[in-house]
Number of protein chains: 2
Amino acid sequence: MAGGTRSPLYLDVAAWLEGEIGRLGPNSLLPTEEQLAERFRVSRITVRGALDLLERGGLVSRLRGRGTTVNPPKITRRFAPLTSFEQDLASQGVAFVTRILSYEPVMPAPTAMRLCLGLPADSQVGCLSLVRLVDGRIVCHDRRYYPAWIAARLDPKRVEHRDASEVIEDLVGSPIVESDWDSEITPAPRDVAAALDVGPRTLVLANTYTWRIAGGTPIEAGTISYRVDRCKFHFAIGFNRRASPLAARPARAKRTRPSALGGAAGK
Amino acid sequence: MAGGTRSPLYLDVAAWLEGEIGRLGPNSLLPTEEQLAERFRVSRITVRGALDLLERGGLVSRLRGRGTTVNPPKITRRFAPLTSFEQDLASQGVAFVTRILSYEPVMPAPTAMRLCLGLPADSQVGCLSLVRLVDGRIVCHDRRYYPAWIAARLDPKRVEHRDASEVIEDLVGSPIVESDWDSEITPAPRDVAAALDVGPRTLVLANTYTWRIAGGTPIEAGTISYRVDRCKFHFAIGFNRRASPLAARPARAKRTRPSALGGAAGK
DNA sequence: TAGTGGTCTAGACCACAAA
DNA sequence: TTGTGGTCTAGACCACTAT
């Protein structure tokens, strides 16, 4: 199955560049496309094929006028056990900045969001748009929608320096107890691409979520789009719901016996 | 930032094609690249830019010699609450086929897998490689590793028609109670690309996982690579699943200090 | 202003699928 | 055999960044 045909040229170039990227550090500048074309005696389009591959994999960034630079390692976003972006990065000791892009306290609800929030037709919602930056680099974009009664009381500025879910919980007076979301890898829509500062061909991980308080009442929905070239993701899920498996698992211990976990998991 | 410059030609072509795709049904054949180039009075490279965008988004498939066809809708893989691929698709009423590609009962453990399984250096493992097909189309590729004592007793044929996790649970005599995994969107390595029948530039969602039984002993690890053009994903996670409304946030890390965000962890 | 990557052209040859 | 998409060439102009 493998190895039959000759490997395309751009893969050779990409392989060489990958080695070069390993030798150079983050933020290093790679040779220009023209220089690479000359060095490998290929056309610029072939070089661009190789760089395109590396860019998709998140190894490099290309910026018109500046050149192609080596990316720092991806950050890790831990989705399970369920934590907010703020809690997650704080617990990893990763500094980040939240930048509010816009807040619209009253607007017609987009149909999809209206359904997530369980609102009747022609409902109004509030919409908060923001981006997160780690080390000065945009990693994700949030578009969050709130029912009118929450939106009216929401001060978007508070979200800039506090956990957004806690701000909402304070407003509502109940903790968020569950979340569900659809996750899809897709080219960024124009507005999201602009917010994330990526080209129209860049793929993002788009999470369309709903948050609920006890009783199942939805209090927030929206879409969070992650730059897949800057983020990877982690999940830890147990069948048994009682104890938190994470607490009992010290990194890569071998044969320790955390007696906490003996519980029956239905099945 | 937005709206300033003229939209590139290939976006216009892509937008038109997107409409056309909506009108045509799944598996329809789109015009050839040359026909599109002629119709829009652009070069073939521009047309390819548009088709490339649609292919990344999973709207079309392109096959040398056949042409460009409209894809059927993506399937949904539900990762949380934790379910196996088999359980998940069965519960959705989606038929699938498992095809064993290879089984190596004894081989040196790759370092990453050895660490996941908590094995000492120079350990041997068994390796099972398979793909899943829905409606005749490959949707994911599994490369599963087992400690030697399990591998020696594993009959790979049984996995073709039964839930793989159940087969292992039967062998081990204990249920799998927890799983964790890293999730990354990245170009498929050569061997995975071959197994998934995609080009070297195609992105996949690569999940590198570990399964554990009670006590925390790992019994299986591996990487499952999903074609992001054919799959989307769903999660439903609760903070507390029982009656008590206030139960507990993540273990004891409840009170995060907002002041921790600004400092620490530079690079 | 100089130099980068983004877009685009008009060709070409090849590997592969289907008739 | 025919026609497709995959790869590749040798140019070109433009938008943007940095100086």
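Here the structure is a predicted model, which means the values were calculated and not measured. Numbers restart at 1 for each chain; the letters A, B, ... are given by sequence-line order, proteins then strands.
- The neighbour count for E38(A) CD, taken as heavy atoms of other residues, nucleotides or ligands under 6.0 Å away, does not exceed 12.
- Put simply, CG on L36(A) is 13 Å from P on dT9(D), counting in whole angstrom units.
- Look at CD on E38(B): it is 15 Å from C1' on dG11(C), rounded to the nearest Å.
- Within residues 10-29 of chain B, the residues that have a heavy atom under 4.0 Å from DNA chain C are, in order of number, Y10(B).
- In this structure, E34(B) places its CD atom 14 Å from P of dC13(C), rounding to the nearest Å.
- Contact check on D197(A) versus R227(A) returns no salt bridge, with no Lys/Arg side-chain nitrogen under 4.0 Å from an Asp/Glu carboxylate oxygen.
- The side chain of S43(B) contributes no N or O atom lying less than 4.0 Å from OP1 or OP2 of dG11(C).
- When each of P200(B) and Q35(B) is assigned the nucleotide of DNA chain D with its nearest heavy atom, Q35(B) is the one assigned upstream, toward the 5' end.
- For the pair R48(B) and dG6(D), the criterion of a side-chain N or O lying under 4.0 Å from OP1 or OP2 is met.
- A donor-acceptor pair is defined here as one N or O able to donate and one able to accept, closer than 3.5 Å; no such pair exists between the side chain of D88(A) and the backbone of T83(A).
- Classified by interplanar angle (parallel below 30°, tilted 30° to 60°, perpendicular above 60°), the ring pair Y226(B)/F79(B) is perpendicular.
- Of the side-chain N and O atoms in T68(B), one or more sit less than 4.0 angstrom from OP1 or OP2 of dG5(D).
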Identify all side-chain donor-acceptor contacts of residues 40-47 of chain A below 3.5 Å with residues at least two apart in sequence or on another chain.
| unit_1 | atom_1 | unit_2 | atom_2 | d |
| --- | --- | --- | --- | --- |
| S43(A) | OG | I45(A) | N | 3.3 |
| S43(A) | OG | T46(A) | N | 3.4 |
| S43(A) | OG | T46(A) | OG1 | 3.4 |
| R44(A) | NE | E33(A) | OE1 | 2.7 |
| R44(A) | NH2 | E33(A) | OE1 | 3.0 |

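- Sorted by residue number, the members of residues 55-67 of chain B with any non-hydrogen atom under 4.0 Å from DNA chain C read R64(B), G65(B), R66(B).
- Residues D182(A) and K232(B) are not paired through a salt bridge, judged by the lack of any N-O separation under 4.0 Å between the basic side chain and the carboxylate.
- For the pair R62(A) and D52(A), the salt-bridge criterion is met [side-chain N within less than 4.0 Å of a carboxylate O].
- Ring centroid separation for the pair Y209(A) and F235(B) does not come in under the 6.0 Å cut-off.
- Rounded to a whole Å, the CZ atom of R44(B) is 8 Å from the C1' atom of dG6(D).
- Rounded to a whole Å, the CD atom of E33(B) is 15 Å from the C1' atom of dC8(C).
- Checking dA12(C), dC8(D), dG6(C) against every side-chain atom of P8(A), the shortest atom distance belongs to dC8(D).
- As rounded to whole Å, 12 Å separates atom C1' of dC8(D) from atom CZ of R201(B).
- For the pair L9(B) CG and dT9(C) P, the computed distance is 6 Å after rounding to whole Å.
- D142(B) has a carboxylate O that lies under 4.0 Å from a charged side-chain N of R144(B), or vice versa, which qualifies the two as a salt bridge.
- One can place CZ of R41(A) at 17 Å from P of dC8(D), the figure rounded to the nearest angstrom.
- Comparing dG5(D), dT7(C), dA10(C) against the side chain of I45(B) picks out dA10(C) as the nearest.
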